[in-house]
Amino acid sequence: MEKLEKEKLDKLEILRHSTSHILAQAVKRIFPQAKLGIGPPIKDGFYYDFDIDGELLSKNLSRIKEEMENIVKQDLPFQKEKVSKEKAREIFEERNEPYKLELIDEIDDSYVTLYRQGEFVDLCRGPHLKSTGEVKFFTLLSVAGAYWRGKEGNPMLSRIYGTSFFTKKELDKYLKQLEEAKKRDHRKLGKELGIFDIYPDYLGPGLAVYHPNGSIIRDIIERFEKEEHLKRGYQFVVTPHISRSHLWKVSGHLDFYRENMYVFSVGGQEYVLKPMNCPGHIMVYKSKQRSYRDLPLRLFELGTVYRREESGVLHGLLRLRGFTQDDAHIFCLPSQLIDEVRGVLKFALFMMDTFKLGYKITLSTRPVKYIGSEKSWEVATDALKEALRREGLDFEIAPGEGAFYGPKIDIQMEDALGRLWQGPTIQVDFNLPERFDLTYISAEGEKKRVVMIHRVVLGTIDRFLGVLIEHLEGKFPVWLAPVQVRVLTITDKEIPFAKDIYEKIKSEGIRVELDSRNEMLSYKIRESQLQKIPYMVVVGKRETENKLLTVRKRNGENLKNISLENFLKMIKEDISRKK
RNA sequence: GCUGGCGUAGCUCAACGGCAGAGCAGCUGAUUUGUAAUCAGCAGGUUGGGGGUUCGAAUCCCUCCGCCAGCUCCA
């Protein structure tokens, strides 16, 4: 079964790779001056990069697609050819393809493979379909810039994205999925549901304003976080948003990240808007001499930080310039490292579980540029590995992907559409304990260097909320829903009874609203439904007479003749079980 | 930051060199209604900002700001 799946995937890759060659052929037919970059299959389709004015491509996308259809009709065979590097060089020199020449020079073999279809030839490992006629259901999606070989200093090429399938059904399904993802867009839902908004002109880009509904959700999540941190032996601290730049000189951030920090002068003193919480927490650690008996020390803060992110990367709540981390720093003995990491792993996965998110774990090891000794990296990396092993968790290793100051574990959250988002992280830091000279007195009475762990268990509250909106399509479970119940009247006659119900529900601490407007019931239901409110209580003549409730659930299901007591019990059950 | 697309009423969009418009939302009134849109009226705009071309600019040109897709980045 699994093997079949794999084969199907491979076939799809071949199809898409072949489609990308057809795309390149079409572009070369229409724009012979275009230089070819690369054109691989990717997760949901394929792309091809061209060195040509992107405007020409985006204005002619439909023409390019038509030409691709012609090529399909011509049913040109894909012909594989094995040639010497010299021969290949001749071919692409003649065709004036500098990027292909660059690729040839980097191939380690003395032979390379080419694929031809009609007048078109490409340097390519393959494999491909038998002929262009086998490609049937494809579409071109967008044009975007991309640096040659993904390096910022390189020329910017124009990339056409597209996708291709074996059946029309699959293509339609994919296009529908794109629509579906659009519907879940947290920026759109965030606005519609009164959760948050961004005012680039007045307030500035990348700075979110939480409206009442969003603030309630945040508050519930934050209270939950605080409770859970207390249970796990964390202590709370609060550190200021601005501080003298001296702090950031010692930490090294000012030297490395000045461009990304908000630095300003007041009264001849240079100040910095904090981009991280760690130096503040370090002040607490340093405030007195620490004994090994004090360790581990776990300091927690819902710390709001500001980073000057590049304008092109901002994205709703998922990438902001001001955001709040559920940030903690653990100061511990080397011998405590494994257990502390295990504790954080348990904690993070408990959070994923609570919010019904899947996850994927990655361990990132020493990069090329690093500080600290090789030995300490090895010890720390082994400790992270051992912690993962003892928790029985699967993980992938990302070689060389660690931060310059230490190895780390990243947990990506998987949402309802199977998309992955950056979530909790656990990082060991060799840098700051040195820079701030963080020590403890050991049992032998010696001064020793403390081990420092940075960790977040949701990541940032902002991003987490954004992911949650997309994951749930805005349908927050009862414990998080900004409005848990809305009472709807049918005519004005029911207002006194509805008000009574509303007051009773409200006095139980449940977030309830009363819609007693002079509108049709179906209209009120529609509005509540669009607001994704979990429970609607419909109050009409029947309910007023028999004093029992009719409850419409968000999924359209109706509960008839339910007593107020039972309804309240049901909601409280939802809340306590975090449903 | 880079490449391309885009910016018109609170929202979704039309007008594309010749009087700035529609639907929804809002307000007012009528209607008293049983499970996803009752009817009518009213109001709503420096067409992102600045500059230019033109008898005339939402529309064409320049520039700045911002948004979207992607690339790069993410301590």
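Each chain gets a letter, A, B and so on, in the order the sequences are listed, and its residues count up from 1.
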- prompt: For B:G26, what is the paired nucleotide under Watson-Crick or G-U wobble rules, both distances under 3.5 Å?
  reply: B:C42
No-H, no-angle donor-acceptor pair, A:Tyr147 side chain to B:G1 base, under 3.5 Å: yes
- request: Examine B:A69: is either OP1 or OP2 under 4.0 Å from a nitrogen or oxygen in the side chain of A:Arg187? Give yes or no.
  value: yes
- line: Contacts of A:Tyr199 meeting ring pair (Phe, Tyr, Trp, His ring centres under 6.0 Å) (sequence neighbours excluded), chain-then-number -> none
query: Of all the nucleotides listed (B:G66, B:U35, B:G4), which has the minimum atom distance to the side chain of A:Pro205?
result: B:G66
message: Does A:Leu530 reach a base, just sugar-phosphate, or nothing at all? Heavy atoms under 4.0 Å.
response: base
task: Identify which nucleotide among B:G34, B:U35, B:U32 has an atom closest to any side-chain atom of A:Asp492, counting heavy atoms from C-beta outward.
output: B:U32
task: Determine the contact category for A:Gly150: base if any of its heavy atoms lies under 4.0 Å from a base atom, sugar-phosphate if only primed atoms, P, OP1 or OP2 are that close, otherwise nothing.
output: sugar-phosphate
query: Has A:Tyr523 got a side-chain N or O lying under 4.0 Å from the OP1 or OP2 atom of B:A25?
result: yes
- request: Please determine which of A:Val487, A:Ile495, A:Ile490 meets the side chain to side chain contact (heavy atoms under 4.5 Å, CB included) test together with A:Val539.
  value: A:Val487
A:Glu470 and A:Arg419 ion-paired at < 4.0 Å: yes
Whole-angstrom distance between B:A40 and B:A22, as gauged at atom P: 15 Å
task: Indicate yes or no: does A:Arg184 engage A:Glu473 in a salt bridge with an N to O separation below 4.0 Å.
output: yes
- request: With heavy atoms under 4.0 Å as the rule, sort A:Gln531 into base, sugar-phosphate or nothing.
  value: nothing
- prompt: In chain order, what residues pass the salt bridge (charged side-chain N to carboxylate O under 4.0 Å, His left out) check against A:Glu259, with sequence neighbours excluded?
  reply: none
Among A:Trp377, A:Phe256, A:Phe430, the one residue meeting ring pair (Phe, Tyr, Trp, His ring centres under 6.0 Å) with A:Phe404: A:Phe256
- prompt: If you take atom types as modelled and just measure distance, does the side chain of A:Arg307 reach the base of B:C74 with a donor-acceptor pair under 3.5 Å?
  reply: no
task: Please determine if a side-chain N or O atom of A:Lys191 lies less than 4.0 Å away from the OP1 or OP2 oxygen of B:C11.
output: yes
message: Taking 4.0 Å as the cut-off, does a side-chain nitrogen or oxygen of A:Ser311 come that near to OP1 or OP2 on B:G1?
response: yes
- prompt: Is any N or O donor-acceptor pair between the side chain of A:Glu309 and the base of B:G1 shorter than 3.5 Å?
  reply: no
- prompt: Touch check for A:Tyr405, heavy atoms < 4.0 angstrom, all strands: base, sugar-phosphate only, or nothing?
  reply: sugar-phosphate
message: Quick check for you: among B:C71, B:A75, B:A36, whose closest atom lies nearest to any side-chain atom of A:Arg526?
response: B:A36
task: Name the nucleic acid region contacted by A:Asn260, choosing base, sugar-phosphate or nothing; use a 4.0 angstrom heavy-atom cut-off, strictly under.
output: base
task: Under a 3.5 Å limit for both distances, which nucleotide forms a Watson-Crick or G-U wobble pair with B:U53, could you say?
output: none
message: Suppose you measure atom C1' in B:G21 against the same atom in B:G44; what distance do you get, rounded to whole Å?
response: 13 Å
- request: Please determine, for the side chain of A:Glu310, which listed nucleotide (B:G4, B:U72, B:C2) has the closest atom?
  value: B:U72
task: Would you mind reading off the distance between A:Tyr199 atom OH and B:C67 atom P, rounded to a whole angstrom?
output: 14 Å
message: My understanding is that a pair needs two contacts under 3.5 Å, Watson-Crick or G-U wobble. By that rule, which nucleotide pairs with B:G70?
response: B:C2
- line: Value for CZ (A:Arg308) from OH (A:Tyr257), rounded to nearest 0.5 Å, stands at 16.0 Å
field: Between B:A36 and B:C71 - P atom distance, rounded Å
entry: 42 Å
query: What is the nucleic acid contact for A:Arg159, judged by heavy atoms within less than 4.0 Å: base, sugar-phosphate only, or nothing?
result: sugar-phosphate
statement: pair_partner(B:G7), Watson-Crick or wobble, both distances < 3.5 Å, evaluates to B:C65
message: Taking the P atom in each of B:C11 and B:G26, what is the distance between them to the nearest angstrom?
response: 15 Å
query: Who does B:A20 pair with, Watson-Crick or G-U, both distances under 3.5 Å?
result: none
- line: Out of B:G70, B:C67, B:U72, minimum distance to the side chain of A:Glu152 belongs to B:U72
message: By the 4.0 Å heavy-atom rule, please label A:Tyr47 as base, sugar-phosphate, or nothing.
response: nothing
- prompt: From B:U32, B:A36, B:G34, pick the nucleotide closest to the side chain of A:Thr491?
  reply: B:U32
query: Contact class for A:Lys524 vs. all strands (heavy atom < 4.0 Å): base, sugar-phosphate, or nothing?
result: nothing
field: Closest-nucleotide ordering on RNA chain B, the 5'-leading residue of A:Arg463 and A:Thr550
entry: A:Thr550
- request: Select base, sugar-phosphate, or nothing to describe what A:Glu192 touches, counting heavy atoms under 4.0 Å on all strands.
  value: nothing
- request: Kindly point out which of B:C73, B:U35, B:G4 is positioned nearest to the side chain of A:Arg319?
  value: B:C73
- prompt: Would one find a side-chain N or O of A:His315 under 4.0 angstrom from OP1 or OP2 of B:A69?
  reply: yes
- line: 5'-most contact on RNA chain B (nearest-nucleotide basis), A:Leu314 vs A:Ser58, goes to A:Ser58
query: How far, in whole Å, is B:G48 from B:A58 if one measures between their C1' atoms?
result: 12 Å
task: May I ask you to establish whether A:Lys541 and A:Phe497 are in a cation-pi arrangement, using a distance under 6.0 Å from NZ or CZ to the six-membered ring centre and at most 45° from the ring axis?
output: no
query: Of the nucleotides B:A69, B:C73, B:G70, which has the atom closest to the A:Val313 side chain?
result: B:C73
- prompt: Between B:U35, B:A75, B:G34, which nucleotide has the shortest distance from any of its atoms to the side chain of A:Asn558?
  reply: B:U35
